[in-house]
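Below: one structure, written as structure tokens.
It should be emphasised that the depicted structure is a prediction, and the values quoted were computed from it without experimental measurement.
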Amino acid sequence: MKTNKLVKWLIAFALIFTVYIPLSKQAEAAQTLTATVNIKSGTLNVREKPSTSSKKVGSLKKGAKVTVYAKTKSGWSEIRYNKKKAFVATKYLTFTSTQASYQQDPNKIYVYKYEDGLYTEKSNGKKYTHEYFGKGWLLWTTTMPDKTTYQWYLRETKDGLYTVHPDDPHTHNALIKYPVKVGYSWKIIYEGDVLNTYKITAVNKTVKTHAGTFKQVVEVTAEEGVKMYYAKNVGLIKTTYKGKTTGELYQLKKK
């Protein structure tokens, strides 16, 4: 596949985006939740294992804030107590409803590896007002293997992560929609026509890249078979087509 054809394909399916994990280090992007203890009276027992018969290692007062790392099907939440793994009954917790971010850090320079070479992307960190879509857009510049460049916009809102197509400034599309949940689908528009349909097909994948291994990754599938993988607080980490890797995070650079 020649460079110009590859670039058009990548743009059309919104595949050229970046993440920030150091090269040669294994990384995990674990999704956590914030919760408040809401027990009506007394204190909430903290146990060594997810069982009422397990050893009690402490207690929490009503209103205490905890970070939940995982929830079991049997009704327990994994927390940290005195810097050690512990468990509390999930029914006595109230979870804060917050949407994770899937936008990359504009203070970093990212390198992706594709079939024809390395693509470098960076932003100046400034937010711009787009002529058609308002405020809050980050301008990114992509340098291709032949050293030519093009620019594109990226913005995250409570509804999703959006981009403006560099060849179609009158259209903006969602790369991933919020809230993240399996089955959520949306249309991709290009020059006024429906180009594709994206759908969230998984929210708890483990994905390996050249830069590291990520857990609880969101999988977005296009109707023709392209799959895009997003990690919390990281962004796009990998793309595949019919099971074959077409692009992945390769390297992080400091500005």
Side-chain angles (χ1 to χ4, degrees), residues 7-8 10-21 29 31-34 95-112 119-144 149-181 184-200 203 214 216-220 222 226 228-239 247 249 252-255:
V7 172
K8 289 180 181 179
L10 291 172
I11 293 173
F13 295 107
L15 297 181
I16 304 178
F17 291 94
T18 55
V19 296
Y20 51 96
I21 294 295
Q31 185 173 356
T32 59
L33 299 171
T34 300
F95 289 88
T96 302
S97 178
T98 57
Q99 175 59 55
S101 172
Y102 291 90
Q103 180 173 245
Q104 62 269 34
D105 185 354
N107 297 310
K108 305 293 183 179
I109 299 175
Y110 308 102
V111 180
Y112 268 88
Y119 286 69
T120 300
E121 299 180 356
K122 62 181 179 180
S123 172
N124 60 13
K126 297 180 180 180
K127 290 190 175 182
Y128 294 84
T129 298
H130 192 275
E131 182 180 2
Y132 301 106
F133 304 113
K135 299 179 179 180
W137 291 91
L138 288 168
L139 180 65
W140 287 80
T141 300
T142 296
T143 302
M144 295 180 287
T149 64
Y150 66 89
Q151 294 181 316
W152 46 277
Y153 289 94
L154 187 67
R155 180 178 70 179
E156 188 172 46
T157 72
K158 63 180 180 62
D159 299 314
L161 182 63
Y162 291 85
T163 184
V164 175
H165 196 296
D167 292 336
D168 185 13
H170 298 276
T171 303
H172 74 309
N173 283 300
L175 302 175
I176 184 169
K177 290 282 285 185
Y178 303 152
V180 171
K181 58 182 180 180
Y184 199 166
S185 64
W186 61 98
K187 303 294 184 182
I188 300 298
I189 308 299
Y190 178 67
E191 294 183 344
D193 297 322
V194 176
L195 176 69
N196 217 314
T197 299
Y198 283 1
K199 185 176 183 179
I200 296 175
V203 296
F214 300 83
Q216 296 182 316
V217 171
V218 176
E219 178 187 81
V220 176
V226 174
M228 294 148 279
Y229 297 92
Y230 293 84
K232 178 185 175 184
N233 296 325
V234 179
L236 184 71
I237 58 170
K238 194 172 187 177
T239 61
L249 173 66
L252 170 72
K253 295 181 179 180
K254 294 182 178 180
K255 284 189 175 180

Which heavy atom of [X] sits nearest to which heavy atom of [Y], and what is that distance?
X: Phe214; Y: Ile237; answer: CD1-CD1, 3.6 Å
X: Lys158; Y: Tyr178; answer: O-CB, 3.4 Å
X: Leu175; Y: Leu154; answer: CD1-CD1, 4.0 Å
X: Ala174; Y: Trp186; answer: O-NE1, 2.8 Å
X: Ile189; Y: Thr171; answer: O-CG2, 3.3 Å
X: Leu161; Y: Tyr102; answer: CD2-O, 3.5 Å

Report, as yes or no, whether the 6.0 Å neighbourhood of atom NZ on Lys122 holds more than 12 heavy atoms from other residues, nucleotides or ligands.
->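 Not more than 12 within 6.0 Å, no.
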Taking ring pair (Phe, Tyr, Trp, His ring centres under 6.0 Å) as the test, write out the residues that go with Phe133, two or more places apart.
->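 Checked Phe133 against ring pair (Phe, Tyr, Trp, His ring centres under 6.0 Å); matches are His130, His172.
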Between atom [atom1] of [X] and atom [atom2] of [Y], what is the distance when rounded to the nearest 0.5 Å?
X: Glu219; Y: Ile200; atom1: CD; atom2: CD1; value: 10.5 Å
X: Tyr112; Y: Leu236; atom1: OH; atom2: CG; value: 4.0 Å
X: Lys135; Y: Thr129; atom1: NZ; atom2: OG1; value: 5.5 Å
X: Lys108; Y: Lys255; atom1: NZ; atom2: NZ; value: 10.0 Å
X: Asp193; Y: Ile188; atom1: CG; atom2: CD1; value: 13.5 Å
X: Tyr110; Y: Glu121; atom1: OH; atom2: CD; value: 10.0 Å

Distance-only side-chain donor-acceptor flag, Trp152 / Thr163, under 3.5 Å | no
Using distance alone, with no hydrogens and no angle criterion, decide if Lys238 and Tyr230 have a side-chain donor and acceptor under 3.5 Å apart.
->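 Side chains of Lys238 and Tyr230: no pair found under 3.5 Å.
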How are the rings of Tyr153 and Tyr128 set relative to one another: parallel (under 30°), tilted (30 to 60°) or perpendicular (over 60°)?
-> perpendicular
Kindly indicate, with the supporting measurements, whether the criterion side chain to side chain contact (heavy atoms under 4.5 Å, CB included) is fulfilled by Thr120 and Thr142.
-> CA-CA 6 Å; Thr120 300; Thr142 296; over 6 Å; no
Using side-chain hydrogen bond (donor to acceptor under 3.5 Å, both in side chains) as the criterion, list what pairs up with Ser101, not counting sequence neighbours.
->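 Here the qualifying residues are Glu156.
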Residues which pass side-chain contact (heavy atoms from CB on, under 4.5 Å) with Leu138, listed by chain and number, not counting sequence neighbours = Gln103, Pro106, Ser123, Lys127, Trp140
